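One structure below.
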Amino acid sequence: MMMPRWGWLALVFALLAACSRPVARLEGELERRQPWPADFVARFGELPVQYEGRCMPVSTLAAFTLYAVHGQRDVRFVAPDAADAPDGEQTKLSPTEWLLDVWCYPEQAQNYPLFRIENVGVLGQLGIEHQGQKQGFEYLSYTQLLEAAQKLEELANRFEDKTTQERSEVEEQVVQLFRQLLLYDHLHNQLAMLHGEFPIEGDKLREAFGGRVHLRLTDVLLEAGTYRSLVANEDNFKDPQYGNLERLRGIVDDCVRIGRFGAFFPPADAKGTAWLTLGDVVEGAVRGRADVASVGMAVTLQDALLADKLADQVAGLRKFQDAVEAASGSRDECSTVALESYYYRANWHFHAMMTFVLGFLIAVVCCVLPRNRWLWLAAMLTTAAAVCMLTADIWMRCLITGYGPIQRLYDTFLFIAGGSALVLLITEWVLPRRIALVLAPFLGALLILFARLFEVADGADTMKPLLPVLLSNFWLAVHVPTINTGYLSGLAASALGCAWVAMRVLRLAHPDSSLAKALVRMGYGVTCFSLATAVVGTILGGVWANDSWGRFWGWDPKENGALLICLSHIALLHARMSGMVRDAGFMLWSVATGGVIVFSWFHTNLLGVGLHAYGFSNSLHTGVWTSYMILGGILLAGGLDVLLRPKPAPLPASLDAPPLPDPEPALD
Amino acid sequence: VTATAPSRTELPPVAAPAESLIRRAIASCMRLFGSMKLAVCLVLTLLLLTWLGTLAQVGKSTNDVQREYFESWVVIAELPVSVWGHALFHSADGSTWALRCPLPGAYPVLALLFVNLIVGGLMRMKWQLRNTGILITHLGIAFLLVAGFVKMHYSYSGMLDVYEWPTDGNASPGRVYETSQYRSAYDDELVLLIDRGDTIEERVIPEQELWGARGDGVVTVTGSGLPFRIQVHHWIDFVRVLPKGPMVKTPMPVVDGVYLEPAEWPPGEQPHGESEFGGCYVTIVGDGQERIEGILRNVPRGADDVARYPLSFTMRGQRYGLDLRRVTRDVPFKVRLDKFQKKDHPGTMDAMDFRSFIEVVDSKGTEQAQVFMNNPLRRDGFTLYQTSWGPQFRGRPMGGPPWYSEFEVSHNPSDMWPKLACYVIAAGLVLHFASKLRRFLDSSTRKALTS
């Protein structure tokens, strides 16, 4: 029975509804009842901060912390009691807004549904009540998780004694949850000591601080000499006249210890490269190494945090940002902060992905209307525009980091997405049969989607500073793009193989048709290109290794992965030349080579061994095995079809051109 | 005159000369060894070996896998049967069950591939203009294989550690400040030290000659002029020394209250061959049948090279020592570390750059150089690479300054050959594929396919 058109639509909507996840409800009341002004949020996102060895906009720090802790780039919740967010209405916070809340409204932020629980078994382990596994994820707030923190720590310590392979899914998530809690804990408490005033007890202590009965942390910094002399004399701690001096020292020491998350204060020394955290500023002040400018900024920051009204907070934070930017303006390490802020705002690779999708749709229409030359041109230009956008994205990353286009695993996604689309576009230009035209934007969009998923799953800064061995612009610019060009063109050849199998299995074209022959030709050409770049890239890698590690070849997993691609291509081309495989064998082998590329590109990173340790990531596991399953399925379907239907009925002469000669001539 | 052509049957039978038989045999061999199908089979075997050798590194050190899979004649390859990263079957001891399959090692495969390449890819191939690119490529690959062969058989490497030179003159005893010696990363040797008064005479036995002492074996070592023989037994490749407590039961001999036990890497951690140190028991049997029992164990020696623990004994008034150590070689110059410099990424303890400012001293004079990542020093056929530094614990400074620097020293006659081969192969491939593409673009096939 045929399903009516609206039936398909209904099915799609039903699937979307099933996939949508309910948004968590915020516990308690909102402290901040007005939204942060949009222009302020955009501007404040450019505040430079030094974190994990590099200067970045604070919006980047917030985004990657959110990725790591929350698994998403924004925080959503339903605030039932808020005047501006009536029941059922979602509140969505950008990373910068979320960070501002954590800083300025920590009591509200600690109730945000932040920690994602994918398996309720984790809740069971922690002794938290739950209603069984649901469609969506469960979220715990910092407050809720703190209640179970002790249990969580015990469990995490126990499970960390096991290897990753030995841990069950729940155990792995418990370990990850504890790491997320630690990370967020550092962020949440980073400025905690700036949020209040502590009462001063004891006459002599009050007298020492000018008769004040309450003291801010920044007051201690401003009167650091007094504080130092007070704590230098151990007898003062026993004298009741000095009241809670012990407590005051504890608070200052706590601030030095926990205020270490991000460094917001540029060093006074123009040659110094390490910025100061709040903990550093406090430590410097109480040890007599006060940096006047940093203390001044800390005072501004505390004034902003303690302001009663949102407008005053905004004004105070603007003042703080101006002070930081004035101090960091001429510093080299900050030269790319504005560009990075623009890079993430502009989101060129997302636009490229959407343009690829558009190009794919046009290409599909082009297949339906093959005579229309304008559609073909439109699809070509749209896909080319997407490649240009992606190139702009990669170029900006190069400018920000100061190194070649590929430094980390994340970069390979973008490079391979753009490169494979480009290779297929050129293939389409050489043999305009619209197949490569469909595959180019499809592969480009798919790989950018993977890049975004990887970014979220990895939850780490994608522009993190490199290891010393990688700090060679020549080799980064020569070896890495060359070998990745081998990967991407191999993937393109594999995609052509998949298309050939699909056409054969789904009876879309006869294996002897000119279309199928053209596909084989395309596959052959792209495989040759892949072989050339993979071989040269692999040997260049060996030459680099010879300069870095003292040996050309060490049978390291990543090196072996590159060699596997070369060997697969070499065997395929020689098998084709010797007549061991013909069209079907060639295309099926190309599909299998896709699996080899996945192994080389990702699986070697999952092994967790070898010298190429900078590429390790555990977040790829599902993607890798899914790829194997898909490629295996295609290979199986194609293989069975070839075995069961080795010689399909010949085409009538009127339908297609006669069989063409083999693509590869004999050796002579 | 009529001429009649003689029929075949009228020709006298002629025995095929032995020479033509040899020629035919040679031709058959050439066809066999130059066959493209053989090339495909060899490349596929190499592919399989490389894949299995990669997977094998999860549970073994890279060095062990290299020897087992890539430098051997035959290997019993293992394929852990798992889906989605989870083992399908488990062995009795709980480890992942693996499918075992005998395969030729990469060494004979590569050797055959080289022959195949020379015969099929160079000798039998038609030397025509259109094949220029592929001929150049084959030549480059053959050159690369030769470079690999030379590297495997004629190169050696090791580690050289040296402390920063004490400019204030306060040298600490036991630290190495200037040296020309470097140690192999993997290979051990047994050394007999003979105290000659002013000098120490060394006699060396490579580790391979003692492997017979594994398990229940005993290897007896003798030497000219020595009043004793040395029996080596219970050789263990990766060992730890344990004290024998009252409740401990061990099948191993106990000497001076301690015994040797095979060591293992923690589960989930990749073994590192350079951190595996062997040990053995020795019995010194004098000519008068007096016996001295002892334990020898190799220990990591870095820039504190004098931290050696030989078994010393006196026989007929002569002092001797027995030591187990990494194979030690000399470079033809001395290395002195003037300064070690480490820069971290700001605000972290992660290294951004570490480099050594060294002085190289030999009979020709003194040369100053900087050695850092991707910038080795090449001199007199040896190459020095910046490898590590110390004292440190997992990349974090521990105890310095003064710092010491660790260099890898490599002597490889084919050091730069791969780079040359790379240029040749790249040129060949570009030439070949570019000419093919050009021919295809001009061909009628393309027009037919695009129609």
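Within every chain, numbering begins at 1; the chains are lettered A, B, ... in the order of the sequence lines, protein sequences first and strands thereafter. The figures that follow rest on heavy atoms only: side chains count, while hydrogens, waters and symmetry mates do not. As the structure is a prediction and not an experimental result, all values here were calculated from the model.
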For the atom pair OG1 (T137(B)) and CD1 (I570(A)), what is the distance rounded to the nearest 0.5 Å?
-> 10.0 Å
Applying a strict 4.5 Å limit to non-hydrogen atoms, the region of V535(A) in contact with chain B is side chain
Do the side chains of F552(A) and D415(B) get nearer than 4.5 Å, heavy atoms only?
-> no
Given that the side chain runs from C-beta out, which part of A575(A) has a heavy atom under 4.5 Å from chain B: side chain, backbone, both or neither?
-> both
Do you know which of Y628(A), F599(A), W625(A) has the most heavy-atom pairs under 4.5 Å to chain B?
-> W625(A)
Any V430(A) side-chain heavy atom under 4.5 Å of R446(B) side chain | yes
Checking heavy atoms, do the side chain of W555(A), its backbone, both or neither come under 4.5 Å from chain B?
-> both
Roughly how far apart are E559(A) CD and T54(B) OG1, rounded to 0.5 Å?
-> 10.0 Å
Side chain from CB out, backbone as N, CA, C, O: work out which of these in L466(A) comes under 4.5 Å of a heavy atom of chain B, or both, or neither.
-> backbone
Between D547(A) and R378(B), is there a salt bridge with N-O shorter than 4.0 Å?
-> yes
CG of D332(A): more than 12 outside heavy atoms within 6.0 angstrom?
-> no
Separation between SG of C528(A) and NE2 of H432(B), rounded to the nearest 0.5 Å = 6.5 Å
Taking C-beta and beyond as the side chain, do M352(B) and P465(A) meet within less than 4.5 Å on heavy atoms?
-> no
Any side-chain heavy atom of F440(B) within less than 4.5 Å of one from L431(A)?
-> yes
So which heavy atom on L44(B) is nearest to which on A571(A), and how close?
-> CD2-CB, 3.9 Å
Greatest number of non-hydrogen atom pairs under 4.5 angstrom with chain B, of A545(A), A532(A), S578(A), G550(A), falls to G550(A)
With a cut-off of 6.0 Å (strictly less than), are more than 12 heavy atoms of other residues, nucleotides or ligands near NZ of K60(B)?
-> yes
Check each of L42(B), T45(B), L46(B) against L567(A) using the side-chain contact (heavy atoms from CB on, under 4.5 Å) test, and report the only one that passes.
-> L46(B)
Side chain, backbone, both or neither: which part of F474(A) has a heavy atom under 4.5 Å from chain B?
-> neither
Looking only at non-hydrogen atoms, find the nearest pair between P346(B) and Q50(A) and report the distance.
-> CB-NE2, 3.4 Å
Does the side chain of T445(B) reach to within under 4.5 Å of the side chain of R521(A), using non-hydrogen atoms?
-> yes
Quick one: of E408(B), K151(B), Q57(B), who has the most non-hydrogen atom pairs under 4.5 Å with chain A?
-> Q57(B)
Would you check if D556(A) and T62(B) make a side-chain contact, meaning some heavy-atom pair closer than 4.5 Å?
-> no
Please state whether the side chain, the backbone, both or neither of T626(A) comes within less than 4.5 Å of a heavy atom of chain B.
-> both
Would you say the side-chain atoms of N546(A) pair up with the backbone N or O of M416(B), donor to acceptor, closer than 3.5 Å?
-> no
Interface check, chain A: of T383(B), V83(B), I141(B), L437(B), most non-hydrogen pairs under 4.5 Å belong to V83(B)
Under 4.5 Å from any heavy atom of chain A - which part of T50(B) | both
L563(A), part contacting chain B, at a heavy-atom distance under 4.5 Å | side chain
Does the side chain of R54(A) reach to within under 4.5 Å of the side chain of H345(B), using non-hydrogen atoms?
-> no
Bottom line for T387(B): the part with an atom under 4.5 Å from chain A's heavy atoms is neither
So among W544(A), W549(A), W475(A), which one has a side-chain hydrogen bond (donor to acceptor under 3.5 Å, both in side chains) with N374(B)?
-> W544(A)
Please report the shortest heavy-atom distance between A274(A) and G347(B), naming the atom on each side.
-> CB-N, 3.8 Å
Pick whichever of L47(B), L429(B), T348(B) has the most heavy-atom pairs under 4.5 Å with chain A.
-> L47(B)
Return yes when atom CG of L441(B) has more than 12 non-hydrogen atoms of other residues, nucleotides or ligands closer than 6.0 Å, and no otherwise.
-> yes
